[in-house]
Amino acid sequence: MSLLSDLINLDLTNTTEKIIAEYVWIGGSGLDLRSKARTLPGPVTDPAKLPKWNYDGSSTNQAPGDDSEVIIYPQAVFKDPFRRGNNILVMCDAYTPAGEPIPTNKRFNAAKIFSNPDVVAEEPWYGIEQEYTLLQKDIHWPLGWPTGGFPGPQGPYYCGTGADKAFGRDIVDSHYKACLYAGINISGINGEVMPGQWEYQVGPTVGIASGDQLWMSRYILERITEIAGVVVTFDPKPIQGDWNGAGAHTNYSTKSMRNDGGINVIKKAIEKLSLRHKEHIAAYGEGNERRLTGRHETADINTFSWGVANRGASVRVGRDTEKAGKGYFEDRRPASNMDPYVVTSMIAETTILGKP
(Lines give C-alpha, C1' and ligand atoms only; values in the text may rest on other atoms or scores of the structure.)
Protein backbone atom coordinates (compact mmCIF):
# COMPACT_ATOMS: atom_id res chain seq x y z
CA MET A 1 0.00 0.00 0.00
CA SER A 2 1.34 3.44 -0.89
CA LEU A 3 2.48 5.70 1.89
CA LEU A 4 0.52 8.94 2.26
CA SER A 5 3.70 10.86 1.45
CA ASP A 6 3.98 8.95 -1.85
CA LEU A 7 0.50 10.07 -2.86
CA ILE A 8 1.09 13.67 -1.79
CA ASN A 9 4.24 13.74 -3.91
CA LEU A 10 2.63 12.20 -7.02
CA ASP A 11 3.95 13.87 -10.17
CA LEU A 12 0.93 14.57 -12.38
CA THR A 13 2.84 15.95 -15.37
CA ASN A 14 3.28 12.53 -17.04
CA THR A 15 -0.36 11.52 -16.68
CA THR A 16 -2.45 14.65 -17.30
CA GLU A 17 -2.16 18.21 -18.58
CA LYS A 18 -4.53 19.35 -15.85
CA ILE A 19 -3.09 21.43 -13.03
CA ILE A 20 -4.17 22.41 -9.53
CA ALA A 21 -4.48 26.13 -8.74
CA GLU A 22 -4.60 27.14 -5.09
CA TYR A 23 -6.44 30.48 -4.84
CA VAL A 24 -5.23 32.52 -1.84
CA TRP A 25 -6.94 35.57 -0.35
CA ILE A 26 -6.97 37.66 2.84
CA GLY A 27 -9.79 37.07 5.32
CA GLY A 28 -11.85 39.41 7.46
CA SER A 29 -9.27 40.11 10.16
CA GLY A 30 -6.94 41.57 7.55
CA LEU A 31 -4.24 39.08 8.52
CA ASP A 32 -5.83 35.63 8.21
CA LEU A 33 -5.02 33.89 4.95
CA ARG A 34 -7.60 31.64 3.33
CA SER A 35 -7.26 29.36 0.31
CA LYS A 36 -9.01 26.72 -1.75
CA ALA A 37 -8.03 24.73 -4.83
CA ARG A 38 -9.51 24.08 -8.24
CA THR A 39 -8.53 22.02 -11.28
CA LEU A 40 -7.67 23.82 -14.51
CA PRO A 41 -7.31 22.22 -17.99
CA GLY A 42 -3.65 23.17 -18.44
CA PRO A 43 -0.67 25.25 -17.27
CA VAL A 44 -1.24 28.98 -16.67
CA THR A 45 1.31 31.70 -15.89
CA ASP A 46 -0.72 34.84 -16.65
CA PRO A 47 -3.26 35.80 -13.92
CA ALA A 48 -5.44 37.49 -16.56
CA LYS A 49 -6.05 34.04 -18.10
CA LEU A 50 -7.34 32.57 -14.84
CA PRO A 51 -11.06 32.46 -14.05
CA LYS A 52 -12.52 34.55 -11.26
CA TRP A 53 -13.98 32.52 -8.41
CA ASN A 54 -16.14 33.04 -5.35
CA TYR A 55 -16.32 32.09 -1.68
CA ASP A 56 -18.67 32.31 1.30
CA GLY A 57 -17.83 35.70 2.82
CA SER A 58 -20.12 35.07 5.81
CA SER A 59 -17.63 32.44 6.97
CA THR A 60 -14.70 34.87 6.82
CA ASN A 61 -16.46 37.88 8.42
CA GLN A 62 -16.54 39.67 5.07
CA ALA A 63 -20.22 39.43 4.10
CA PRO A 64 -23.66 38.89 5.71
CA GLY A 65 -25.23 35.44 5.63
CA ASP A 66 -28.14 36.55 3.43
CA ASP A 67 -25.79 37.93 0.74
CA SER A 68 -22.60 36.02 1.33
CA GLU A 69 -20.98 35.66 -2.09
CA VAL A 70 -17.59 37.35 -2.49
CA ILE A 71 -15.73 37.25 -5.82
CA ILE A 72 -11.97 36.78 -5.96
CA TYR A 73 -9.90 38.15 -8.84
CA PRO A 74 -6.56 36.46 -9.63
CA GLN A 75 -3.75 39.03 -9.44
CA ALA A 76 -0.41 37.20 -9.25
CA VAL A 77 0.73 33.65 -10.04
CA PHE A 78 3.45 31.69 -8.24
CA LYS A 79 4.77 28.15 -8.62
CA ASP A 80 3.41 25.81 -5.96
CA PRO A 81 6.27 24.41 -3.82
CA PHE A 82 3.93 21.93 -2.13
CA ARG A 83 2.35 20.23 -5.16
CA ARG A 84 5.20 21.18 -7.53
CA GLY A 85 5.01 20.35 -11.24
CA ASN A 86 2.92 22.86 -13.18
CA ASN A 87 0.66 23.53 -10.20
CA ILE A 88 0.33 27.12 -9.03
CA LEU A 89 -0.50 29.41 -6.11
CA VAL A 90 -2.68 32.40 -7.04
CA MET A 91 -2.76 35.63 -5.01
CA CYS A 92 -6.24 37.14 -5.26
CA ASP A 93 -8.17 40.16 -4.01
CA ALA A 94 -11.87 40.31 -3.19
CA TYR A 95 -14.90 42.11 -4.65
CA THR A 96 -18.69 42.19 -4.39
CA PRO A 97 -20.66 40.55 -7.21
CA ALA A 98 -21.20 44.11 -8.55
CA GLY A 99 -17.43 44.52 -8.93
CA GLU A 100 -16.79 46.83 -5.97
CA PRO A 101 -13.76 46.06 -3.77
CA ILE A 102 -14.88 44.86 -0.33
CA PRO A 103 -13.65 46.95 2.67
CA THR A 104 -10.83 44.53 3.55
CA ASN A 105 -9.45 44.64 -0.02
CA LYS A 106 -6.44 46.91 0.56
CA ARG A 107 -4.80 45.89 -2.72
CA PHE A 108 -7.32 47.82 -4.84
CA ASN A 109 -6.36 51.29 -3.53
CA ALA A 110 -2.68 50.36 -3.49
CA ALA A 111 -2.86 49.42 -7.17
CA LYS A 112 -4.41 52.81 -7.96
CA ILE A 113 -1.52 54.61 -6.27
CA PHE A 114 1.10 52.44 -7.97
CA SER A 115 -0.51 53.03 -11.38
CA ASN A 116 -0.32 56.82 -10.99
CA PRO A 117 2.03 58.06 -13.77
CA ASP A 118 4.16 60.04 -11.31
CA VAL A 119 4.66 56.94 -9.17
CA VAL A 120 5.32 54.71 -12.18
CA ALA A 121 8.00 57.14 -13.39
CA GLU A 122 9.81 56.90 -10.04
CA GLU A 123 9.95 53.06 -10.03
CA PRO A 124 9.56 52.63 -6.25
CA TRP A 125 11.63 49.74 -4.91
CA TYR A 126 10.86 47.99 -1.64
CA GLY A 127 12.68 45.55 0.58
CA ILE A 128 10.59 44.34 3.52
CA GLU A 129 12.17 42.67 6.55
CA GLN A 130 9.46 40.34 7.83
CA GLU A 131 10.00 39.26 11.44
CA TYR A 132 7.92 36.50 13.02
CA THR A 133 7.87 34.25 16.08
CA LEU A 134 7.48 30.48 16.16
CA LEU A 135 5.28 29.11 18.97
CA GLN A 136 4.77 25.65 20.42
CA LYS A 137 1.32 24.64 19.17
CA ASP A 138 -0.36 23.41 22.36
CA ILE A 139 0.83 26.12 24.76
CA HIS A 140 1.48 29.08 22.42
CA TRP A 141 4.87 29.71 24.02
CA PRO A 142 7.97 30.46 21.90
CA LEU A 143 9.69 27.49 20.29
CA GLY A 144 12.70 26.35 22.31
CA TRP A 145 11.59 28.09 25.51
CA PRO A 146 11.05 25.94 28.64
CA THR A 147 7.37 25.36 29.39
CA GLY A 148 6.14 28.21 31.58
CA GLY A 149 9.68 29.54 31.89
CA PHE A 150 12.23 31.72 30.17
CA PRO A 151 15.54 31.14 28.40
CA GLY A 152 18.68 33.10 29.20
CA PRO A 153 18.63 36.85 28.41
CA GLN A 154 19.00 38.19 24.87
CA GLY A 155 22.48 38.38 23.42
CA PRO A 156 23.56 35.01 22.01
CA TYR A 157 20.49 34.39 19.83
CA TYR A 158 20.75 37.02 17.08
CA CYS A 159 22.18 35.20 14.03
CA GLY A 160 23.12 32.49 16.52
CA THR A 161 24.00 28.86 15.91
CA GLY A 162 23.63 25.83 18.15
CA ALA A 163 20.81 23.80 19.68
CA ASP A 164 20.58 26.18 22.65
CA LYS A 165 20.40 29.33 20.51
CA ALA A 166 18.60 28.64 17.21
CA PHE A 167 15.13 27.12 17.43
CA GLY A 168 13.26 26.14 14.26
CA ARG A 169 15.99 26.46 11.64
CA ASP A 170 14.54 23.54 9.63
CA ILE A 171 11.29 25.51 9.24
CA VAL A 172 13.17 28.67 8.30
CA ASP A 173 15.32 26.98 5.66
CA SER A 174 12.31 25.13 4.24
CA HIS A 175 10.51 28.45 3.89
CA TYR A 176 13.55 30.08 2.28
CA LYS A 177 13.79 27.43 -0.45
CA ALA A 178 10.03 27.23 -0.95
CA CYS A 179 9.84 30.99 -1.57
CA LEU A 180 12.67 30.84 -4.10
CA TYR A 181 10.92 27.92 -5.82
CA ALA A 182 7.67 29.88 -5.94
CA GLY A 183 9.34 32.85 -7.63
CA ILE A 184 9.30 35.16 -4.63
CA ASN A 185 12.31 37.46 -4.51
CA ILE A 186 13.32 36.46 -0.99
CA SER A 187 16.78 37.87 -0.42
CA GLY A 188 17.87 36.43 2.92
CA ILE A 189 17.06 35.07 6.38
CA ASN A 190 18.48 35.43 9.89
CA GLY A 191 17.79 34.51 13.49
CA GLU A 192 16.48 37.46 15.48
CA VAL A 193 17.35 38.92 18.90
CA MET A 194 14.60 37.12 20.80
CA PRO A 195 15.00 33.31 20.75
CA GLY A 196 12.34 31.62 18.63
CA GLN A 197 12.05 34.73 16.48
CA TRP A 198 13.29 34.89 12.88
CA GLU A 199 13.38 37.26 9.93
CA TYR A 200 13.32 36.99 6.18
CA GLN A 201 13.60 39.74 3.61
CA VAL A 202 11.53 40.13 0.43
CA GLY A 203 12.93 42.46 -2.19
CA PRO A 204 13.91 44.41 -4.04
CA THR A 205 10.46 44.40 -5.63
CA VAL A 206 8.72 47.15 -7.57
CA GLY A 207 5.37 48.67 -6.64
CA ILE A 208 2.37 46.40 -6.09
CA ALA A 209 4.51 43.26 -6.54
CA SER A 210 5.98 43.91 -3.11
CA GLY A 211 2.63 43.34 -1.43
CA ASP A 212 1.79 40.34 -3.62
CA GLN A 213 5.08 38.65 -2.85
CA LEU A 214 5.06 39.36 0.89
CA TRP A 215 1.50 38.08 1.31
CA MET A 216 2.32 34.90 -0.61
CA SER A 217 5.49 34.41 1.45
CA ARG A 218 3.35 34.60 4.59
CA TYR A 219 0.96 32.02 3.14
CA ILE A 220 3.83 29.65 2.38
CA LEU A 221 5.17 30.13 5.93
CA GLU A 222 1.74 29.34 7.39
CA ARG A 223 1.58 26.15 5.32
CA ILE A 224 5.07 25.02 6.35
CA THR A 225 4.42 25.62 10.05
CA GLU A 226 1.14 23.71 9.63
CA ILE A 227 3.14 20.72 8.37
CA ALA A 228 5.68 21.10 11.19
CA GLY A 229 3.01 21.32 13.90
CA VAL A 230 4.21 24.76 14.98
CA VAL A 231 2.28 28.06 15.15
CA VAL A 232 3.62 31.24 13.54
CA THR A 233 2.62 34.60 14.98
CA PHE A 234 3.12 38.06 13.49
CA ASP A 235 2.25 39.77 16.78
CA PRO A 236 4.53 42.82 17.18
CA LYS A 237 5.22 42.07 20.85
CA PRO A 238 4.50 38.39 21.53
CA ILE A 239 6.29 38.33 24.88
CA GLN A 240 6.07 41.25 27.28
CA GLY A 241 9.11 42.39 29.23
CA ASP A 242 12.75 42.72 28.28
CA TRP A 243 12.38 40.98 24.91
CA ASN A 244 12.56 42.45 21.42
CA GLY A 245 9.35 42.90 19.48
CA ALA A 246 8.73 41.95 15.85
CA GLY A 247 8.63 44.49 13.03
CA ALA A 248 8.50 44.70 9.27
CA HIS A 249 11.14 47.33 8.52
CA THR A 250 10.46 48.68 5.05
CA ASN A 251 13.41 49.72 2.90
CA TYR A 252 12.49 52.14 0.14
CA SER A 253 13.94 54.06 -2.76
CA THR A 254 12.79 55.84 -5.90
CA LYS A 255 14.64 56.40 -9.15
CA SER A 256 15.43 59.97 -8.03
CA MET A 257 16.87 58.67 -4.75
CA ARG A 258 19.04 56.13 -6.57
CA ASN A 259 20.45 58.75 -8.96
CA ASP A 260 23.28 61.18 -8.20
CA GLY A 261 22.20 63.75 -5.65
CA GLY A 262 19.56 61.35 -4.34
CA ILE A 263 20.40 62.10 -0.70
CA ASN A 264 18.60 65.43 -1.05
CA VAL A 265 15.51 63.65 -2.39
CA ILE A 266 15.74 61.26 0.55
CA LYS A 267 15.84 64.12 3.06
CA LYS A 268 12.79 65.76 1.45
CA ALA A 269 10.94 62.44 1.54
CA ILE A 270 11.77 61.98 5.23
CA GLU A 271 10.44 65.47 5.93
CA LYS A 272 7.17 64.56 4.22
CA LEU A 273 6.95 61.38 6.31
CA SER A 274 7.49 63.37 9.50
CA LEU A 275 4.47 65.56 8.70
CA ARG A 276 2.19 62.50 8.39
CA HIS A 277 3.67 60.51 11.28
CA LYS A 278 0.38 59.91 13.13
CA GLU A 279 -1.41 58.90 9.94
CA HIS A 280 1.30 56.38 9.07
CA ILE A 281 1.44 54.97 12.60
CA ALA A 282 -2.32 54.40 12.53
CA ALA A 283 -1.90 52.27 9.40
CA TYR A 284 1.31 50.45 10.35
CA GLY A 285 -0.13 47.48 12.27
CA GLU A 286 -2.28 46.51 15.26
CA GLY A 287 -0.66 46.50 18.70
CA ASN A 288 2.35 48.46 17.48
CA GLU A 289 2.24 50.65 20.62
CA ARG A 290 3.43 47.60 22.60
CA ARG A 291 6.53 47.45 20.38
CA LEU A 292 7.40 51.10 19.66
CA THR A 293 8.44 52.06 23.18
CA GLY A 294 11.80 53.69 22.52
CA ARG A 295 13.53 50.54 23.78
CA HIS A 296 14.67 47.34 22.07
CA GLU A 297 15.87 49.09 18.90
CA THR A 298 12.71 51.13 18.36
CA ALA A 299 11.72 54.80 18.39
CA ASP A 300 8.90 56.02 20.64
CA ILE A 301 5.56 55.73 18.83
CA ASN A 302 4.61 59.35 19.54
CA THR A 303 7.78 60.99 18.21
CA PHE A 304 9.17 60.99 14.69
CA SER A 305 12.96 60.88 14.36
CA TRP A 306 15.53 59.96 11.78
CA GLY A 307 19.28 59.43 11.74
CA VAL A 308 22.20 57.83 9.96
CA ALA A 309 22.82 54.24 11.13
CA ASN A 310 20.46 54.84 14.09
CA ARG A 311 18.32 51.79 14.86
CA GLY A 312 16.55 53.75 17.58
CA ALA A 313 15.07 56.17 15.05
CA SER A 314 11.77 56.06 13.16
CA VAL A 315 13.67 56.23 9.87
CA ARG A 316 17.26 55.07 9.37
CA VAL A 317 19.59 56.15 6.58
CA GLY A 318 22.46 53.74 6.02
CA ARG A 319 26.14 54.71 6.11
CA ASP A 320 26.55 53.55 2.50
CA THR A 321 23.75 55.85 1.38
CA GLU A 322 25.27 58.79 3.24
CA LYS A 323 28.69 58.08 1.76
CA ALA A 324 27.43 57.61 -1.82
CA GLY A 325 25.05 60.56 -1.62
CA LYS A 326 22.25 58.37 -3.00
CA GLY A 327 20.43 55.14 -2.26
CA TYR A 328 17.56 54.19 0.03
CA PHE A 329 16.21 54.62 3.53
CA GLU A 330 14.53 52.29 6.04
CA ASP A 331 11.18 53.02 7.67
CA ARG A 332 11.48 51.13 10.96
CA ARG A 333 7.97 51.86 12.22
CA PRO A 334 5.83 49.14 10.54
CA ALA A 335 4.82 46.26 12.80
CA SER A 336 5.30 42.63 11.80
CA ASN A 337 1.53 42.30 11.25
CA MET A 338 1.24 45.30 8.91
CA ASP A 339 -0.50 45.01 5.55
CA PRO A 340 2.21 45.46 2.90
CA TYR A 341 -0.32 46.81 0.39
CA VAL A 342 -1.15 49.62 2.82
CA VAL A 343 2.40 50.41 3.96
CA THR A 344 4.12 50.37 0.56
CA SER A 345 1.45 52.43 -1.20
CA MET A 346 1.24 54.90 1.68
CA ILE A 347 4.99 55.52 1.60
CA ALA A 348 4.81 56.11 -2.16
CA GLU A 349 1.80 58.37 -1.80
CA THR A 350 3.43 60.49 0.91
CA THR A 351 6.88 60.77 -0.63
CA ILE A 352 6.03 61.00 -4.35
CA LEU A 353 2.51 62.44 -4.56
CA GLY A 354 2.47 64.39 -1.29
CA LYS A 355 3.21 68.10 -1.22
CA PRO A 356 6.20 69.30 0.86
Side-chain angles (χ1 to χ4, degrees), residues 22-37 60 62 72 74-82 88-94 104-107 110 126-135 137 143 168 171-190 192 196-205 208-236 238 245-251 283-288 291 334-345:
E22 189 81 26
Y23 279 44
V24 180
W25 70 93
I26 301 159
S29 73
L31 193 65
D32 57 316
L33 284 158
R34 311 285 180 130
S35 75
K36 60 178 182 173
T60 63
Q62 292 172 299
I72 40 179
Q75 299 291 359
V77 173
F78 301 88
K79 293 173 64 179
D80 186 339
F82 304 103
I88 55 175
L89 303 175
V90 185
M91 194 68 221
C92 305
D93 61 351
T104 52
N105 180 352
K106 306 302 183 184
R107 190 187 191 279
Y126 297 91
I128 299 176
E129 305 171 29
Q130 177 68 73
E131 295 178 344
Y132 61 94
T133 308
L134 298 173
L135 304 176
K137 186 180 73 166
L143 196 66
I171 293 170
V172 176
D173 274 349
S174 297
H175 178 249
Y176 194 175
K177 287 187 175 181
C179 284
L180 287 172
Y181 179 94
I184 293 167
N185 196 27
I186 185 170
S187 51
I189 58 167
N190 61 267
E192 265 305 327
Q197 194 174 92
W198 295 81
E199 175 189 299
Y200 64 91
Q201 303 90 34
V202 172
T205 48
I208 197 71
S210 180
D212 290 337
Q213 292 196 24
L214 193 79
W215 271 117
M216 190 55 74
S217 74
R218 285 174 172 177
Y219 174 79
I220 291 171
L221 181 58
E222 291 271 16
R223 288 281 304 274
I224 289 172
T225 53
E226 172 191 322
I227 294 166
V230 169
V231 172
V232 59
T233 178
F234 297 103
D235 189 288
H249 304 150
T250 302
N251 299 277
Y284 272 18
E286 294 294 322
N288 211 9
R291 168 180 161 262
S336 51
N337 60 3
M338 62 80 160
D339 187 325
Y341 293 135
V342 173
V343 170
T344 57
S345 62

task: Classify the angle between the aromatic ring planes of Y200 and Y132 as parallel (below 30°), tilted (30 to 60°) or perpendicular (above 60°).
output: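 Aromatic pair Y200/Y132 classed tilted.
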message: side chain to side chain contact (heavy atoms under 4.5 Å, CB included) for I26 and L33? Distances and angles first, verdict last.
response: CA-CA 5 Å; I26 301 159; L33 284 158; 4.1 Å; yes
Looking at every heavy atom in both [X] and [Y], which two are closest together, and how far apart are they?
X    : Y    : value
A94  : N105 : O-ND2, 3.0 Å
C92  : P74  : SG-CA, 4.0 Å
M216 : V90  : CE-C, 3.9 Å
V343 : A283 : CG2-O, 4.2 Å
P236 : A335 : CB-CB, 3.8 Å
Y341 : A110 : O-CB, 3.5 Å

Donor-acceptor check, side chain of [X] to backbone of [Y], threshold 3.5 angstrom: yes or no?
X    : Y    : value
E131 : Q197 : no
Q213 : I186 : no
T104 : G28  : no
D32  : S29  : yes

message: side chain to side chain contact (heavy atoms under 4.5 Å, CB included) for I128 and M338? Distances and angles first, verdict last.
response: CA-CA 11 Å; I128 299 176; M338 62 80 160; 3.8 Å; yes
- prompt: More than 12 foreign heavy atoms under 6.0 Å from NZ of K137: is that the case here?
  reply: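 No.
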Looking at [atom1] of [X] and [atom2] of [Y], how far apart are the two atoms once the value is rounded to the nearest 0.5 Å?
X    : Y    : atom1 : atom2 : result
Q130 : F234 : CD    : CZ    : 5.0 Å
L221 : E226 : CG    : CD    : 11.5 Å
R291 : D235 : CZ    : CG    : 11.0 Å
T250 : Y126 : OG1   : OH    : 9.0 Å
I184 : L214 : CD1   : CG    : 8.5 Å
Y284 : D339 : OH    : CG    : 12.5 Å

message: Would you say N337 and E286 are linked by a side-chain donor-acceptor pair, where the criterion is simply a distance under 3.5 Å?
response: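 On atom types as modelled, these side chains do not qualify, holding no pair under 3.5 Å.
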message: I220 vs F78, test: side chain to side chain contact (heavy atoms under 4.5 Å, CB included). Steps then yes/no.
response: CA-CA 11 Å; I220 291 171; F78 301 88; over 6 Å; no
Beyond-backbone contact of [X] with [Y], side-chain heavy atoms, under 4.5 angstrom:
X    : Y    : result
I227 : I171 : no
N185 : P204 : yes
S35  : E222 : no
Q62  : W25  : yes
W198 : L134 : yes

- request: Report the C-alpha distance between Y219 and E22 in whole Å, list the side-chain angles of each, state the deciding distance to 0.1 Å, and finish with yes or no for side chain to side chain contact (heavy atoms under 4.5 Å, CB included).
  value: CA-CA 11 Å; Y219 174 79; E22 189 81 26; 3.5 Å; yes
